[in-house]
Amino acid sequence: MLDRRELLLGAAACLAAGPAATAETARPTSRRPGFGAALTLWDLQADPRLGEAISKYCTQVVPVLEMKWPMLRPGPDKFTFERADAILDFARQNDLTMRGHTLAWYHDIPDWTKAIQEKKAAEEAYVDHISTVVSYYKDKLTSWDVVNEPIPDKPRSITDRRDCYWSQMLGERWIPLAFRTAAAADPTVKLGINEYDIESAKDSFVAKRAAFRNLIQDLLDQGVPLHMVGLQSHLHAELEIDKDGLAAFVAELRSWGLEVIITELDVDDQKLSGDLAQRDAIVAQRVNDLFTAVTASGPLNSVLTWGISDRYSWINGTFARPDKQPNRPLPLDGSFQPKPFMDVITKFTKTA
Ligand code: XIL
């Protein structure tokens, strides 16, 4: 009999080899319903503790990099699905569902794509990409982040939209076209729109939230197949959550028939002072306030953190602390031990 660790290690070893072995894994009681984490294949293959932790606590995963345009589409005529497929194999072997991230984003557009100068050719590449990728993963994913981060950081008005390669080439149609193309390729997968920096009461956050709300309403008015709204929730530890404003926003989205989920939760703690326990308590408080706002009008059926252990987080590289101490943005510490953040997840993901 293989024990659980051996099964996981076996699964990791199979990752590059294609089709998954059908390992029967027991569902540990520490698994939180609806809780998931983002991961990269590099980290999964390098450190068996990562797969063990995700399998222990999570019911879903999302790839950090492997389904973004540059990884799936290194050239105009070349799609490479192997790395995303390896993560899907890991998910299946460990009884986890998978989300797709992301089809249309202002960021991470390869140079070969940006070199396309002609509008018609750009639209063809865009539609071909979304259609091919969504068709390939038909019936394999629960949902897609179709459009990622469509609102600028400091919107000038509630109609302001992100100025990017796609908007320059396709106009405002880049957003509805992505949804319509995805829905045509897979009519059953849930299609979402994802945004960050809308959770606090800071002016720019409130403006961004209003612009996001307005865009969503426009899309629904146009009959665009949009099913879910992702609050990325890359929180800033020094900023309080705007509990009332966020709760009202989420309640309104739900009143329009949309599902609201948390897609990329972590807490940037670069500006926090104090000892580790004090810092962890503030991080957990922000998460608690976020969940309180989101659950005021309905259940939190899906919450994903952007990584699971502080050891593997983009925050360390992108938002490093001035005192050079390691950041502590995620539910497990660098040694994969749970922190107060994980207690908050447990509290809000209890089965009824
Ligand atoms: C980030 C990854 O975590 C980094 O490793 C990468 O260098 C850049 O992208 N919002 C998103 C994610 O939607 O795709 C981003 O992921 C983090 C912010």
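In this chain, numbering begins with 1 at the start of the sequence shown. Just follow the structure's listing: the first ligand is 1, and inside any ligand the first atom is 1.
The N/O atoms of His107, backbone and side chain alike, include none that comes under 3.5 Å of an N/O atom in ligand 1. At least one N or O atom of Glu149, backbone or side chain, sits closer than 3.5 Å to an N or O atom of ligand 1.
Closest to atom 2 (C) of ligand 1 among all protein heavy atoms lies Val64 CG1, 3.6 Å. At the top of the distance list for atom 8 (C) of ligand 1, counting protein heavy atoms only, stands Lys68 NZ, 4.3 Å. For atom 4 (C) of ligand 1, the nearest non-hydrogen atom of the protein is Trp314 CB, 4.1 Å. Protein heavy atom nearest atom 6 (C) of ligand 1, with residue, atom name and distance: Leu65 CD2, 4.1 Å. Scanning the protein heavy atoms around atom 12 (C) of ligand 1, the nearest turns out to be Glu264 OE1, 3.4 Å.
By the criterion of a heavy-atom distance under 4.0 Å, the side chain of Trp306, and not its backbone, is placed next to ligand 1. Contact annotation for Asn148 and ligand 1: only side-chain heavy atoms (C-beta onward) come within less than 4.0 Å of the ligand.
Between Trp174 and Tyr126, the distance separating the two ring centers is not shorter than 6.0 angstrom. Residues Tyr57 and Phe35 place their aromatic rings such that the two centres sit no closer than 6.0 Å.
Contact atoms of ligand 1 toward His101: 11 (C), 12 (C), 13 (O), 14 (O) (distance under 4.0 Å to a heavy atom of the residue).
Between Trp69 and Trp112, the ring planes are tilted. Angles from 30° to 60° get that label.
Crowding of Asp111 atom CG: a count of heavy atoms from other residues, nucleotides or ligands under 6.0 Å not exceeding 12.
Assignment of Tyr196 to the shell around ligand 1 is not supported, since no heavy atom sits closer than 4.0 Å.
Stacking of Arg49 on the aromatic ring of Phe336 is not recorded, the 6.0 Å distance cut-off and the 45° axial limit not both being met.
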* To do: List the steps and the verdict of side-chain hydrogen bond (donor to acceptor under 3.5 Å, both in side chains) for Tyr106 and Asn148.
  => CA-CA 8 Å; Tyr106 76 92; Asn148 200 34; over 6 Å; no

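Donor-acceptor pairing under 3.5 Å is recorded for the side chains of Asp186 and Thr188. For the 3.5 Å distance criterion, the side chains of Trp314 and Asp266 qualify, holding a donor opposite an acceptor.
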